[in-house]
Amino acid sequence: MTGTTAHRTVVSIAVSAALACSAACSGPGGSDDSGGTTGPAGSTAPSASAAPSSRPPALTGPAADALRAVERATGRAGSARVESTTVMGRELSLEAAGALGWDDGLTGTLTITYTGGTTAETMRRLGTTAMEARYLPDAYYARMGDEFAERLDGRHWIKYVYEDLEDLGGGAGAGFADQMRNTTPNQAVKLLLSAGDVRRVGAETTRGRRTTHWTGTVGGATEQTVDIWVDDRNLLVKKVERGRTKTGELTQTAYYSDYGVQVSAERPPAADTADFKELLASQAN
């Protein structure tokens, strides 16, 4: 493999790692300039932050009151343990587990395991079947395997600064950065509040806990369904989001527990870290 080809491979894997870190904690939708949401693989659906002219009328009545109580309670909790599975068409499927906090920006650590898809196959060829992702308010870090580090002067970590992601071409970076910073459980509730057909499905048992199931559909270039299960403390227990990408159906299922758990994430050593923006710049040069 030539030096140029090897470097392109490194950058390609760095982009794939960014995709995985985003998908693991955020599901289908971040926001785009049109008031829709754009998943990392190109899925589109309306955002809770869409411009007023592009949103359906605000939800009112008992359903809205109940969901806003969930939004407030989940937001105040500040942190939770998370387990999720994500399938992004033919491109990527993964599992993630860890704890995330959102009191002062996104913080926490997830272990992400690749379970299938073309991106996973590429990662496996470079000796990476799982990685650690650390989320901090200004950036997130992905730890790659030893074989990948050999191609990066021995450095194991890639740093993704949110502000740098906003500068990516085509406007995609801004939505991607917003998506990464808006990955708390109450964001799923905000998305559901933007749906025009929200309804209470009924009482169900979820992982041994009595919950209330809510569902709704948000429209746009493609439709996206959002389902949440809420316990008697108005805390999210389970979330399922379904949409479509250019490579097929996108589904994320996430479970939340231990609200208020202590969360920490340390920055990796600078000497063991490569900056994603610098990797892109070196490829361009």
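- Salt-bridge check for R134 with E132: passed, with a basic side-chain N closer than 4.0 Å to an acidic carboxylate O.
- Across all non-hydrogen atoms, the minimal contact from Q252 to K239 is OE1-NZ, 2.8 Å.
- Looking at R151 and D146, no side-chain N of the basic residue comes within less than 4.0 Å of a carboxylate O on the acidic one, giving no salt bridge.
- Using a 4.0 Å cut-off between charged nitrogen and carboxylate oxygen, R90 and E249 do not count as a salt-bridge pair.
- Formation of a donor-acceptor pair under 3.5 Å by the S194 side chain with backbone atoms of L191 is found in this model.
- In this structure, L279 CG and K159 NZ are separated by 12.5 Å, a value rounded to the nearest 0.5 Å.
- Taking all atoms of both residues into account, the shortest heavy-atom contact from A96 to I112 is CB-CG1, 4.2 Å.
- No continuous path of ILVMFWY side-chain contacts below 4.5 Å connects W229 to L193, so the two sit in separate hydrophobic clusters.
- Formation of a donor-acceptor pair under 3.5 Å by the T212 side chain with backbone atoms of G202 is not found in this model.
- Closest of all the heavy-atom pairs between A73 and L235 is O-CD2, 3.6 Å.
- With hydrophobic clusters built from ILVMFWY side chains whose heavy atoms lie under 4.5 angstrom apart, V230 shares a cluster with V82.
- A donor-acceptor pair under 3.5 Å is formed between the side chain of D272 and the backbone N or O of H156.
- Residues R242 and D227 meet the side-chain proximity criterion, which asks for heavy atoms closer than 4.5 Å.
- Distance alone, capped at 3.5 Å, places no donor-acceptor pair between the N186 side chain and the V189 backbone.
- The shortest side-chain heavy-atom distance between V237 and Y256 does not fall under the 4.5 Å cut-off.
- Not a single donor-acceptor pair under 3.5 Å links the side chain of S79 to the backbone N or O of L100.
- With a 4.5 Å cut-off on side-chain heavy atoms, R207 and K238 do not count as touching.
- Cation-pi geometry between R124 and Y114 is not satisfied (NZ or CZ under 6.0 Å from the ring centre, within 45° of the ring normal).
- With T119 contributing its side chain and E91 its backbone, the two residues share a donor-acceptor pair below 3.5 Å.
- Ring-plane geometry between F276 and Y160 is classed as tilted, the angle between the planes lying from 30 to 60 degrees on a 0 to 90 degree scale.
- Here the NE2-OG1 distance, from H213 to T205, works out to 13.0 Å after rounding to the nearest 0.5 Å.
- Side-chain atoms of D197 come within 3.5 Å of backbone N or O of T217 as a donor-acceptor pair.
- Distance check: E241 CD to T251 OG1 gives 10.0 Å after rounding to the nearest 0.5 Å.
- In this structure a side-chain-to-backbone donor-acceptor pair under 3.5 Å is missing from W157 to A274.
- Under 4.0 Å is where a charged nitrogen must lie from a carboxylate oxygen, and between K277 and D275 no such pair does.
- Minimum heavy-atom separation, V226 to A188: CG1-O, 3.9 Å.
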Decide side-chain contact (heavy atoms from CB on, under 4.5 Å) for W102 and V263; before the verdict, give the C-alpha distance in whole Å, the side-chain angles of both, and the deciding distance to 0.1 Å.
-> CA-CA 10 Å; W102 49 88; V263 174; over 6 Å; no
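- In this structure, the separation between CZ on R76 and CG on N234 is 8.5 Å, given to the nearest 0.5 Å.
- Expressed to the nearest 0.5 Å, how far OG1 of T206 lies from OH of Y255 amounts to 7.5 Å.
- Between L136 and Y141, the closest side-chain pair of non-hydrogen atoms falls below 4.5 Å.
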Step by step, would you call T211 with D231 a side-chain hydrogen bond (donor to acceptor under 3.5 Å, both in side chains)?
-> CA-CA 4 Å; T211 60; D231 68 11; over 6 Å; no
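- Clustering ILVMFWY residues whenever any of their side-chain heavy atoms sit less than 4.5 angstrom apart, transitively, puts V240 in a cluster other than the one holding V218.
- Taking every heavy atom of both residues into account, L192 and V198 meet most closely at O-CG2, 3.0 Å.
- S93 places a side-chain N or O within donor-acceptor distance of the main-chain N or O of G116, the cut-off being under 3.5 Å.
- Counting only distance, with no hydrogens or angles, the side chain of R155 and the backbone of L152 share a donor-acceptor pair below 3.5 Å.
- Residues L67 and W214 are in side-chain contact: their nearest non-hydrogen atoms beyond the backbone lie under 4.5 Å apart.
- Looking at Y135 and T107, their side chains never come closer than 4.5 Å, going by heavy atoms from C-beta outward.
- Of all non-hydrogen atoms in D104 and P137, the two that sit nearest each other are O-CG, 3.4 Å.
- Put simply, CE on M144 and CE on M131 are 6.0 Å apart, with the number rounded to the nearest 0.5 Å.
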